[in-house]
Undergrad: 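Before I ask anything, here is the structure I am working with.
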Amino acid sequence: LFDANLDQLMELKKDSVDWPLPYTLFHSVMISYLKLDIDRLKLLVNSIEGYRFKSNFDKKPAIIEDLSSFELVLENFYWLSYARLCIRLNDNLDKALENLSQVNPVNELWYGELFFVKALIYGYKHQYELEQFNYYQSYLYFSKSGALKKGLLAYQNSIAAESSLYPQR
């Protein structure tokens, strides 16, 4: 899910992968984000927000040991999805960054995605040093986790951010 491009995400959708609720929602968020479908992205972020406040989840995943961990995953996906919506709208970027401080990464993939989304925001804000730093951190975490394509994309983006820092090179 973290390493897939739009075509791969669409293939996964056709295959009807049976993921836990947060992953299913985030899969849809990523498709909408990459397709630039702002209306659907807003709808999905609002849906995730609604699930955050729902006390009984209909589908507790086996890979998450307890419900509090499940709620943490849903919370993480919410803040990451909200940040991606802010990026697409180019609005509330400072609020999105502030909210990302609430993300509690549970493994290298989470850290990679968190740094990647933060780097996207810093790029929109023309804060190239922070953009470069966060892309590089994302690269390290994605590479560690085995999400090599996303890691290489983050590395490539860190080099591009560095060229924004030093255009004379």
Side-chain angles (χ1 to χ4, degrees), residues 1-54 57-59 61 64 70-128 130-131 134-135 137-139 141-142 145 147 149-154 156-158 160-161:
L1 180 61
F2 288 96
D3 206 23
N5 63 30
L6 180 57
D7 290 337
Q8 292 166 326
L9 289 169
M10 296 302 287
E11 272 304 306
L12 288 171
K13 188 175 182 177
K14 285 184 209 170
D15 293 342
S16 299
V17 176
D18 189 29
W19 284 323
L21 177 66
Y23 293 89
T24 301
L25 290 169
F26 196 67
H27 173 254
S28 296
V29 164
M30 291 305 298
I31 289 173
S32 298
Y33 178 82
L34 293 171
K35 288 175 80 174
L36 305 174
D37 186 346
I38 304 296
D39 291 334
R40 177 128 172 89
L41 188 55
K42 284 180 186 176
L43 179 70
L44 288 163
V45 169
N46 288 335
S47 294
I48 296 171
E49 184 175 33
Y51 280 112
R52 286 172 57 223
F53 298 107
K54 190 175 175 185
F57 295 99
D58 54 354
K59 195 173 177 185
I64 298 174
F70 182 59
E71 290 169 347
L72 174 64
V73 169
L74 191 61
E75 190 78 7
N76 287 343
F77 275 136
Y78 173 72
W79 292 121
L80 289 166
S81 299
Y82 174 80
R84 285 188 176 271
L85 175 61
C86 292
I87 291 165
R88 282 294 180 236
L89 295 172
N90 196 14
D91 192 28
N92 292 325
L93 296 175
D94 290 327
K95 178 107 172 112
L97 275 173
E98 180 185 324
N99 290 334
L100 285 174
S101 67
Q102 298 182 55
V103 173
N104 188 0
V106 293
N107 59 35
E108 282 86 8
L109 275 173
W110 285 99
Y111 276 106
E113 184 67 10
L114 173 61
F115 282 112
F116 195 90
V117 172
K118 287 170 69 173
L120 287 168
I121 292 172
Y122 286 124
Y124 271 82
K125 293 170 58 77
H126 305 286
Q127 295 179 348
Y128 301 120
L130 288 169
E131 177 189 25
N134 280 276
Y135 274 131
Q137 292 302 309
S138 177
Y139 156 71
Y141 281 108
F142 277 131
S145 71
K149 283 192 307 189
K150 187 84 174 245
L152 288 174
L153 176 61
Q156 176 184 336
N157 289 350
S158 80

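Residue numbers run from 1 in the order of the sequence given.
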Undergrad: Over 60° means perpendicular and under 30° means parallel, so classify the ring planes of F77 and W110, tilted if in between.
TA: tilted

Undergrad: To the closest 0.5 Å, what do you measure between CG (N99) and CD (E75)?
TA: 9.5 Å

Undergrad: Do you know which two heavy atoms are closest between L93 and C86, and how far apart they sit?
TA: CD2-O, 3.6 Å

Undergrad: Tell me if a side-chain donor or acceptor on Q8 pairs with a main-chain N or O of N5 at a distance below 3.5 Å.
TA: yes

Undergrad: Are V117 and V103 close enough, and set up right, to give a side chain to side chain contact (heavy atoms under 4.5 Å, CB included), and what steps lead you there?
TA: CA-CA 11 Å; V117 172; V103 173; over 6 Å; no

Undergrad: Closest heavy-atom contact between L100 and W79?
TA: CD2-O, 3.7 Å

Undergrad: How about NZ on K149, more than 12 heavy atoms from neighbouring residues, nucleotides or ligands closer than 6.0 Å, or not?
TA: yes

Undergrad: Report the distance from atom CG of L41 to atom OG of S32, rounding to the nearest 0.5 Å.
TA: 6.0 Å

Undergrad: When you look at I48 and V29, which way does the side chain to side chain contact (heavy atoms under 4.5 Å, CB included) test go after all the steps?
TA: CA-CA 10 Å; I48 296 171; V29 164; 3.8 Å; yes

Undergrad: Using modelled atom types only, decide if a donor and an acceptor are shared between the side chain of R88 and the backbone of Y33 within a distance under 3.5 Å.
TA: yes

Undergrad: Using the benzene-type ring in the case of Trp, are the ring centres of Y135 and F116 under 6.0 Å apart?
TA: yes

Undergrad: Calculate, to the nearest 0.5 Å, the distance between atoms CG and OH belonging to L153 and Y139 respectively.
TA: 13.0 Å

Undergrad: Nearest heavy-atom pair of F142 and E113: which atoms, and what distance?
TA: CZ-N, 3.3 Å

Undergrad: Contact between L97 and Y122 at the side-chain level, heavy atoms closer than 4.5 Å - yes or no?
TA: yes

Undergrad: Roughly how far apart are M30 CE and F2 CZ, rounded to 0.5 Å?
TA: 9.0 Å

Undergrad: Please report the interatomic distance CD1(I121) to CZ(R84), rounded to the nearest 0.5 Å.
TA: 9.5 Å

Undergrad: Using the side chain to side chain contact (heavy atoms under 4.5 Å, CB included) rule, take N92 and L85 through it: C-alpha gap first, then chi angles, then the decisive distance, then the call.
TA: CA-CA 9 Å; N92 292 325; L85 175 61; over 6 Å; no

Undergrad: Hey, does K95 have a side-chain heavy atom less than 4.5 Å from the side chain of Y82?
TA: yes

Undergrad: Should K118 and S138 be marked as a side chain to side chain contact (heavy atoms under 4.5 Å, CB included) after you check the CA-CA gap, both sets of side-chain angles, and the distance that decides it?
TA: CA-CA 9 Å; K118 287 170 69 173; S138 177; over 6 Å; no

Undergrad: Can you tell me how far the CG atom of D7 sits from the CG atom of L12, to the nearest 0.5 Å?
TA: 11.0 Å

Undergrad: Would you say the side chain of S28 lies within less than 4.5 Å of the side chain of R40, judging by non-hydrogen atoms?
TA: yes

Undergrad: Does K35, at its NZ atom, have more than 12 non-hydrogen atoms belonging to other residues, nucleotides or ligands within less than 6.0 Å?
TA: no

Undergrad: Which atoms form the tightest heavy-atom contact between A161 and E131, and what is the distance?
TA: CB-OE1, 3.4 Å

Undergrad: For Y128 and H126, take the angle between the two ring planes, folded into 0 to 90°, and tell me which bin it lands in: parallel under 30, tilted 30 to 60, perpendicular over 60.
TA: perpendicular

Undergrad: Using side-chain contact (heavy atoms from CB on, under 4.5 Å) as the criterion, point out the one residue from I38, V45, L44 that pairs with K42.
TA: I38

Undergrad: Do D3 side-chain atoms and K150 backbone N/O form a donor-acceptor pair below 3.5 Å?
TA: yes

Undergrad: Could you tell me if the side chain of D37 sits less than 4.5 Å from the side chain of D39, heavy atoms only?
TA: yes

Undergrad: Any sub-3.5 Å donor-acceptor pair from S47's side-chain atoms to L43's backbone N or O?
TA: yes

